[in-house]
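First up is the structure itself, then whatever we jot down about it.
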Amino acid sequence: DKEYDIIQKKGFVNTFHRVCDLLDLIKNKNIHHVLRGSAASSLICYQLGISDIDPIKENIPLTRFMNFCRDTQPDIDLDVPHWIRDHLIDEFHEIHPNKVARISNKVMYKPKSAMREAIRKFGYRKFVPRNYKLEQIFPDPYVRKNVKKYAKSLIGTQRQWSLHCGGLIVFNDKVPEDLWLDKEKRQIVLDKYDVEEQNLIKIDLLCNRGLSQLWEINDTPLHQYPTEDKLTSELLSKGDVIGLTQAESRTMRKTLIALQPQSMYDVALALALIRPAAADGGRKASYLRHWRKGDNQKQIIYDEDGIEYIGKLLNCNHSTADRYRRAFANQREGLMNEFISKIKHLDDKDKIIVNLNQLNKYSFCKGHALAYGQLVWALAY
């Protein structure tokens with residue numbers, strides 16, 4: 001009831017309809033998909049078959065995905081095997097003619113690219129090696145000074161457009177003519193931030209090599225694999241993960257050996273635990289030390305942990321807590337300062353702020369971790 005209420009009052013109905021259109025195309029090809037991101041916290045997504053994860057059973061709060069404090073369209077991202085994605089995009093265009101477009105990325109100048117552009121601007125047309133010395137290219141110190149000044153002026157400005165890896169926009173009417181960047185590629189001059197600001201329907205359709213590999217081995221749906229299996233547990237606990245997509249990094253291998261996973265849920269935990277927001281500053285090492293003692297240490301691993309943490313600190317609802325979590329994740333000073341003023345009476349306020357500033361680094365929400373945990377577990381199985 002709560003989800004239906006949010007969807008109707010916020011005007012999100014069409015988003016779910018368009019995702020189901022895409023889902024029908026996927027099902028017609030008799031292939032499987034993985035839902036990435038926070039949409040796995042939605043019971044409606046589960047009921048519609050968009051997600052295979054039951055948020056009631058897994059105790060995932062809805063707030064990270066949508067709540068009454070957010071007006072932007074919910075973000076639903078789907079992974080499919082790499083070899084089918086372009087065909088799906090073409091078919092999606094066919095069922096919504098002239099209404100679908102690919103979004104762009106604004107590629108900005110950074111110090112290195114700005115300096116190289118400045119070097120070219122000041123007349124140097126030869127190949128610029130990686131470890132070049134500016135004084136060798138421009139012996140005149142006056143010229144070097146101007147090159148550096150021009151390079152500095154470029155930093156943070158737009159360098160070019162690139163095609164977003166998977167973002168599809170579905171307009172209610174035809175794609176406005178003035179938005180086309182490349183009509184042949186169906187690419188428009190909006191990036192993900194423009195899309196959010198204009199409250200447009202965006203679906204990310206992305207490739208997943210691990211899903212492609214699994215499909216070649218076995219066509220069993222991810223959620224039908226047993227969540228516990230002795231041989232799978234032994235394989236992962238030994239760190240025998242070379243060739244196991246999504247799990248073969250050195251960091252993931254060490255984490256699996258330390259956790260000694262007994263189930264798919266432990267793999268999901270490992271995947272979340274190695275992300276910077278959960279791992280940096282000795283957090284992962286501390287968590288693993290407690291884990292080995294049989295103590296499940298309370299700390300922010302999933303995004304939802306941040307929401308719970310803030311909610312308890314302020315004694316507020318999850319919608320308000322998520323608003324502050326996003327503020328720390330995106331470093332929005334105004335809202336951060338508003339939060340800090342509410343905890344200024346607490347003795348450990350400095351530690352709290354340090355903890356929440358970790359949210360600015362990359363992290364997993366619980367639904368995403370479980371979805372990818374299912375995939376890694378199935379591949380290992």
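Only a predicted model underlies this, so the values are computations on that prediction, with no experimental measurement involved.
Ring orientation note: the planes of F138 and Y124 are nearly perpendicular, at an angle over 60° on the 30°/60° scale.
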When you look at W83 and C207, which way does the side chain to side chain contact (heavy atoms under 4.5 Å, CB included) test go after all the steps?
CA-CA 8 Å; W83 41 265; C207 302; over 6 Å; no
Verdict with supporting geometry, M252 and E248, side chain to side chain contact (heavy atoms under 4.5 Å, CB included):
CA-CA 6 Å; M252 186 65 177; E248 61 182 341; over 6 Å; no
Chi angles and distances behind the side chain to side chain contact (heavy atoms under 4.5 Å, CB included) call for L314, Y324
CA-CA 10 Å; L314 300 184; Y324 290 123; 3.6 Å; yes
One pair to check against side chain to side chain contact (heavy atoms under 4.5 Å, CB included): R275 and K361. What are the steps and the verdict?
CA-CA 8 Å; R275 307 303 143 185; K361 300 171 184 175; over 6 Å; no
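For the pair N208 (side chain) and G210 (backbone), a donor-acceptor distance under 3.5 Å is present. In this structure, the side chain of E58 does not engage the main chain of P55 through any donor-acceptor pair within 3.5 Å.
Heavy-atom minimum distance, A278 versus A272: CB-O, 3.6 Å.
Linking ILVMFWY residues whenever their side-chain heavy atoms come closer than 4.5 Å, directly or via other members, leaves L35 and Y225 in distinct clusters.
The pair D194-K106 meets the salt-bridge criterion, since a charged nitrogen lies less than 4.0 angstrom from a carboxylate oxygen.
Every residue two or more places apart in sequence or in another chain that forms a side chain to side chain donor-acceptor pair (under 3.5 Å) with D71 is listed here: K10.
Partner of S104 under the side chain to side chain donor-acceptor pair (under 3.5 Å) criterion, out of Q187, K185, H164: Q187 alone.
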